[in-house]
Structures are given as structure tokens and as C-alpha cells.
Amino acid sequence: MAKPKYTSHVGMVDILPDESPKWRALETIIHEEAAKFNFEEIRTPIMEQTELIVRGIGQLTDIVSKEIFAFEKGDSHYVLRPELTAPVVRAFVEHHLEQRGGSQKLYYIGPMFRAEKPQKGRQRQFHQFGAEVIGSDDPVADVEIIALMIRIYQRVGINNFELKLNSVGDPESRETYKEALRSYLKPNLDKMSELSQKRFEKNPMRILDSKEPEDQQFIESAPVIQDYLNEDSTEHFEKVQQYLDQLGINYTIDPHLVRGMDYYTRTAFELISPDLGSQDALAGGGRYDLLVEEIGGQPTPAVGFAAGMERLLIACEELDISLAEEKTVDVYFVTLGDAARTWALTHLPKAREAGLSATMDYKGRSMKAQMKDADRENALYTVIIGDNELNEGKFTLRNMKESEENSLTFEEILEKLG
RNA sequence: GAGCUCGUAGCUCAGUUGGUUAGAGCGCCAGGUUGUGGCCCUGGAGGCCGUGGGUUCAAAUCCCAUCGGGCUCCCCA
């Protein structure tokens with residue numbers, strides 16, 4: 001096929017009319033379930049200051065080091081947001097949302113941008129929904145976040161997934177653990193992957209996440225963080241597990257689960273789907289008790305999740321779940337002649353005021369073509385308007401499914417369909 | 001950043017060891033029915049065979065490059 005003159009950028013895809021209904025259906029589910037959990041929606045700009053994202057997510061993370069779309073204009077440094085936790089926290093601090101009292105329970109839906117090579121379940125512009133509880137360090141908040149996340153998948157009809165859970169500790173526990181990890185890894189460091197060697201000093205925990213084959217033997221018998229958690233973190237982690245048990249939410253503890261953003265503390269979790277192939281993470285999240293302060297606010301504990309909408313929709317495809325029903329239009333005005341077209345144009349608003357969806361042909365085509373169009377548009381009814389009908393004030397109402405016709409006044413038609 | 005693979009009509013794809021005007025199904029438009037959709041029949045529009053270069057009397061077909069898609073590694077949603 002000859003390439004069109006203009007195309008969308010690599011990894012940035014159009015959501016076309018045949019696809020948009022399922023997106024809208026998914027968004028409706030997210031809004032409804034978030035509302036049931038009493039979360040409020042927040043919408044932040046697509047672009048943020050580079051410094052916020054770098055500080056918030058971490059200089060050494062993959063996201064910041066190689067996946068950021070950034071550019072300058074005048075003195076301002078812009079980035080297209082790669083995730084929304086840091087921006088939401090920025091908004092929380094900037095607008096003093098803590099003054100609203102209680103814990104802020106916020107959720108969002110929107111596009112994110114990461115400059116990666118696209119593949120299945122990975123686009124450069126992709127969409128996430130997510131939720132954050134800012135201002136509580138209670139394990140109840142962690143569990144409510146997880147419950148909301150899972151609830152949305154269940155509403156959609158996706159039930160086969162695995163929840164992986166870990167605690168990455170508070171700063172104190174983490175330092176002790178990192179030291180233990182370093183002394184364990186050090187003797188063999190030269191046998192490990194280049195990537196792991198690079199991470200050794202600054203972020204040795206990410207080594208646990210490595211998939212490099214040469215690293216595996218060392219990772220397997222590495223010390224686990226659970227043994228280094230202090231009393232507070234241990235208790236928090238146990239409470240989270242206890243509450244999940246009480247809610248009947250299944251999970252597996254994965255001591256090697258370390259997430260890609262530096263800001264996580266204590267609870268970390270991921271939702272994995274066997275229906276996705278290589279990019280199998282449906283959603284992920286955790287607690288980030290230090291981020292608010294890092295960004296310039298008062299020390300404020302928080303926890304949240306983010307979920308990939310494309311991946312959710314891929315899972316739906318695999319599971320034959322259809323989120324949206326076939327589109328229909330209530331009534332299609334079929335016109336014969338100019339007088340009929342004028343009549344139709346001026347009566348469409350009346351049908352719409354009566355609560356019906358209503359349309360007509362825009363191209364002055366033959367009756368047969370109009371009927372065909374009405375069929376293609378899944379019109380429930382057609383109203384046939386010609387000279388006879390205009391003279392008598394009665395129109396032919398055709399039920400397209402039953403192929404039955406009645407001769408009725410316009411008022412009778414509205415009453416019947418309304 | 002690395003690897004594999006594929007680019008022929010709007011879509012899904014045929015195209016025989018290179019050989020005349022490049023095909024099918026679906027979709028689109030129109031007619032068969034001068035006021036009736038779906039089924040059927042007939043016809044039509046629509047392709048510089050991704051792009052550029054090379055080999056050859058001759059290239060959709062062979063070679064090189066390039067761009068784009070898909071998949072994979074890394075990492076993440």
C-alpha cells in the first residue's frame with residue numbers, strides 16, 4: 001500500500017470510530033467504580049516540568065533515562081508525562097489539597113507518553129487509569145487501592161490474573177537491606193550482567209528484578225528484604241496481607257518484585273495477566289511515603305496504582321469480552337424529493353428533543369441507497385417521507401427489524417418511539 | 001539500544017522457474033425493482049506491487065539500501 005503523505009507518529013495510534021465505544025464503556029466502568037469507592041477525579045496537564053518528573057520518578061530509572069519526550073521553549077523545560085503519580089502529587093502540593101481535610105482519594109484517566117519501541121501492549125502514547133490515596137499510612141488505604149484496582153477488572157469481566165505483592169521497606173529498613181545485598185552480591189559482581197553492575201551502587205534492589213540469565217543463580221539465593229524490615233514495616237506488610245485475606249483477594253508474595261519508579265516504599269504490587277504475552281503487567285503500584293516531601297510538600301504518606309488501558313483491552317480481546325454493544329440509531333428519515341428533505345431536516349430536531357437519536361441522508365441519494373444506509377447504520381426505524389405523506393400528514397414508519405410498516409402522523413411516531 | 005519477520009486495492013490476501021493491459025473475497029458506488037434495507041445477479045470506481053537504487057531484452061518476483069508494520073530481548077502500563 002502506498003504510504004499516505006501524512007501518518008501519525010510511530011507508536012501513536014488513532015482510536016477510530018469502530019474502537020471508541022469500548023474505550024468509552026471502559027471509562028464509564030472506571031468512573032462508576034471509583035465513585036463507589038468515593039474517589040474524586042483529577043485532571044492534570046499533559047506536560048509537566050522536566051525537573052518534577054526527574055526528581056519524582058528518579059534520575060536512574062529507565063523511564064527518565066531513556067523514555068522521556070522532552071523539549072524546550074524559551075526558558076521552560078517541558079516533558080510529556082510518562083506517568084501520573086508525580087503530577088498528581090505536584091497538584092496536591094501546589095493547591096494545598098491537604099487543606100480539604102482527611103485523606104485525598106483521587107483517580108485519573110488519560111494518555112501517557114514514553115519514547116519506547118512499540119510492540120504489542122506497548123505504545124508511545126498509551127492510556128492509563130489509576131488512583132491515589134494521599135495522606136494515610138494505614139494499611140487500609142493500601143488494601144482499598146488494591147481492591148479498587150481489582151474491582152475494575154472484575155467489572156470488565158477479567159478474572160484470571162495474578163496479584164504479586166511485596167514490601168520494599170521504609171528508608172531505614174532499605175538501607176540495611178541494601179547493605180546486606182551489596183555484601184552478598186559483591187564477590188560475584190564481575191560475573192553478573194553489565195546492567196546489574198551499573199545498578200549495584202545506586203539501586204541494588206533493581207538487580208533482583210533482572211531477567212539476565214547470568215544473574216539468576218545469584219538472585220535466587222540472595223537475601224530477602226522481609227528479613228530486614230524493621231518492626232513498623234513488618235507490621236504494615238502483615239496488616240496488608242491480613243486485610244487482603246479478609247477481603248478474599250488472592251495474592252502471591254514475590255520478594256523480588258521491585259518496581260520501576262524510585263519513589264516506592266513499603267507496599268509494592270503488580271497485577272499480571274496470562275492473556276497478554278510478553279507485556280504481561282496489567283497494572284502496578286504501591287506506597288510512596290516520601291514523594292510528597294521530595295516534591296516540596298509536608299511529609300505525607302500515600303499509596304496508589306496505575307493500570308494500562310490498552311493492555312486491559314487486549315486481555316478483553318483474548319477473552320472474547322465485548323465491552324460495547326453494537327451502535328444503533330433510533331430513526332432514519334428517508335426522503336423523496338426536495339420538499340421531503342426540507343421537512344426531514346426541520347423535523348430531526350423535534351425527534352431529538354423527544355429523546356431519540358435521529359439522522360437522514362446528506363447526499364440526496366436514491367431511496368434504495370437511503371434504505372441501505374439506514375440498514376448499515378443499524379437504524380431501528382425508518383420514516384419514509386414523500387409527496388403522498390406530506391399531503392396526507394401521515395408518514396410510513398418502518399420497523400427495520402420486523403419489516404413492518406404503519407402509516408402514522410409525526411406526533412404518533414414520536415409517541416410510539418419515545 | 002539489539003534481534004527476527006513482513007510490506008501487492010479501504011480491509012484480508014493470491015500472484016507458478018523473472019515474461020504482455022496485476023487478481024480474488026469482503027467493503028464502497030450504481031443498476032436489476034421510475035417509493036423500500038438485509039439475500040441474489042450485473043456492472044463500476046479504486047493499485048507508480050512501501051520508497052530509492054541496481055541486475056536484466058524484461059522485475060510485484062532477484063540484489064542492496066531505506067522507511068514503515070508486527071513480534072521478541074531489555075524495561076514497563
Side-chain angles (χ1 to χ4, degrees), chain A residues 1-5 7-11 13 16 18 57 60-67 81-85 109-130 149 153 193-196 198-199 206 209-213 215 257-261 270-273 276-285 304-315 332 334-337 340 361 363 365-390 395-405:
Chain A
M1 135 188 58
K3 208 177 92 177
K5 189 171 179 184
T7 60
S8 68
H9 276 120
V10 172
V13 305
L16 299 174
D18 287 345
I57 298 173
L60 295 177
T61 58
D62 286 325
I63 292 180
V64 166
S65 60
K66 59 184 196 196
E67 297 169 5
R81 61 191 194 188
E83 58 103 53
L84 220 46
T85 299
I109 303 176
M112 309 295 158
F113 303 85
R114 294 183 196 173
E116 297 187 274
K117 188 157 184 180
Q119 59 185 266
K120 188 178 185 188
R122 170 182 288 166
Q123 300 294 336
R124 290 185 164 185
Q125 175 173 343
F126 63 105
H127 298 79
Q128 289 188 332
F129 62 91
M149 175 179 83
Y153 288 92
S193 69
E194 207 178 316
L195 189 64
S196 294
K198 228 168 68 186
R199 285 169 170 167
R206 290 297 302 286
D209 218 23
S210 166
K211 274 104 190 168
E212 305 289 339
D215 295 345
L257 174 65
V258 179
R259 300 197 30 81
M261 268 92 34
E270 248 176 41
L271 200 64
I272 306 296
S273 166
L276 282 185
S278 173
Q279 312 305 322
D280 63 351
L282 281 170
F305 79 88
M309 294 174 75
E310 280 83 358
R311 291 185 187 178
L312 185 154
L313 292 173
I314 291 169
Y332 190 114
V334 174
T335 61
L336 294 148
D361 168 63
K363 304 210 291 192
R365 295 193 292 176
S366 70
M367 179 172 186
K368 177 178 173 136
Q370 293 182 56
M371 291 299 292
K372 204 172 170 182
D373 196 37
D375 188 52
R376 181 173 34 229
E377 297 296 327
N378 286 319
L380 273 30
Y381 290 89
T382 46
V383 174
I384 297 161
I385 304 138
D387 291 340
N388 299 339
E389 284 81 355
L390 288 174
F395 305 88
T396 307
L397 177 69
R398 181 178 178 86
N399 179 326
M400 295 296 278
K401 205 163 198 171
E402 310 295 334
S403 297
E404 289 170 356
E405 293 188 358

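The structure displayed is predicted, hence computed values, not measured ones.
- Comparing the P positions of B:U34 and B:G70 gives a spacing of 49 Å, expressed to the nearest Å.
- Here the CE atom belonging to A:Met112 is positioned 10.0 Å from the CE atom belonging to A:Met309, to the nearest 0.5 angstrom.
- For B:C76, the base has no donor-acceptor partner in the side chain of A:Arg114 [N/O atoms by modelled type, under 3.5 angstrom].
- For A:Lys363, the side chain to side chain contact (heavy atoms under 4.5 Å, CB included) criterion is met by A:Asp361, A:Arg365, not counting sequence neighbours.
- Shown here are the salt bridge (charged side-chain N to carboxylate O under 4.0 Å, His left out) partners of A:Glu310, two or more places apart in sequence or in another chain: there are none.
- Mapping A:Gln123 and A:Val10 onto RNA chain B via the closest heavy atom, the residue that lands nearer the 5' end is A:Val10.
- Among residues two or more places apart in sequence or in another chain, the side chain to side chain donor-acceptor pair (under 3.5 Å) test is passed with A:Arg398 by A:Glu405.
- Between the side chain of A:Ser403 and the base of B:G37 there is at least one donor-acceptor pair of N/O atoms closer than 3.5 Å.
- A distance of about 14 Å separates the P atoms of B:A22 and B:A45, rounded to the whole Å.
- Across all strands shown, A:Thr382 has no heavy atoms under 4.0 Å from either base or sugar-phosphate atoms.
- A donor and an acceptor atom sit less than 3.5 Å apart, one in the side chain of A:Glu116 and one in the base of B:A77.
- Within the structure, every side-chain polar atom (N or O) of A:Gln128 is placed at least 4.0 Å from both OP1 and OP2 of B:A77.
- Side chain A:Lys401 to base B:G37: no donor-acceptor pair is found below 3.5 Å.
- Nucleotides B:U5 and B:G10 have their C1' atoms positioned 25 Å apart, rounded to a whole Å.
- Residues forming a salt bridge (charged side-chain N to carboxylate O under 4.0 Å, His left out) with A:Glu389 (at least two apart in sequence, or on another chain): none.
- In secondary-structure terms, RNA chain B builds stems of at least 3 consecutive Watson-Crick or G-U pairs, each pair having both distances under 3.5 Å, at B:1-7 with B:67-73, B:10-13 with B:23-26, B:28-32 with B:40-44, B:50-54 with B:62-66.
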Pairs under 3.5 Å (N/O, protein and nucleotides 26-29 of chain B):
{"from": "B:C28", "atom 1": "OP1", "to": "A:Arg376", "atom 2": "NH1", "distance (Å)": "2.6"}
{"from": "B:C29", "atom 1": "OP1", "to": "A:Arg365", "atom 2": "NH1", "distance (Å)": "3.1"}
{"from": "B:C29", "atom 1": "OP1", "to": "A:Arg376", "atom 2": "NH2", "distance (Å)": "3.4"}
{"from": "B:C29", "atom 1": "OP2", "to": "A:Arg376", "atom 2": "NH1", "distance (Å)": "3.4"}

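- B:G69 and B:C26 have their P atoms separated by 31 Å, given to the nearest Å.
- Residue-to-nucleotide contacts include no donor-acceptor pair under 3.5 Å from the side chain of A:Gln119 to the base of B:G69.
- By the 4.0 Å N-to-carboxylate-O rule, A:Arg376 lies close enough to A:Asp373 to be salt-bridged with it.
- Rounding to whole angstrom units, CE of residue A:Met367 and P of B:G31 are separated by 14 Å.
- Side-chain atoms of A:Gln370 stay outside donor-acceptor range of the base of B:U36, with no qualifying N/O pair under 3.5 Å.
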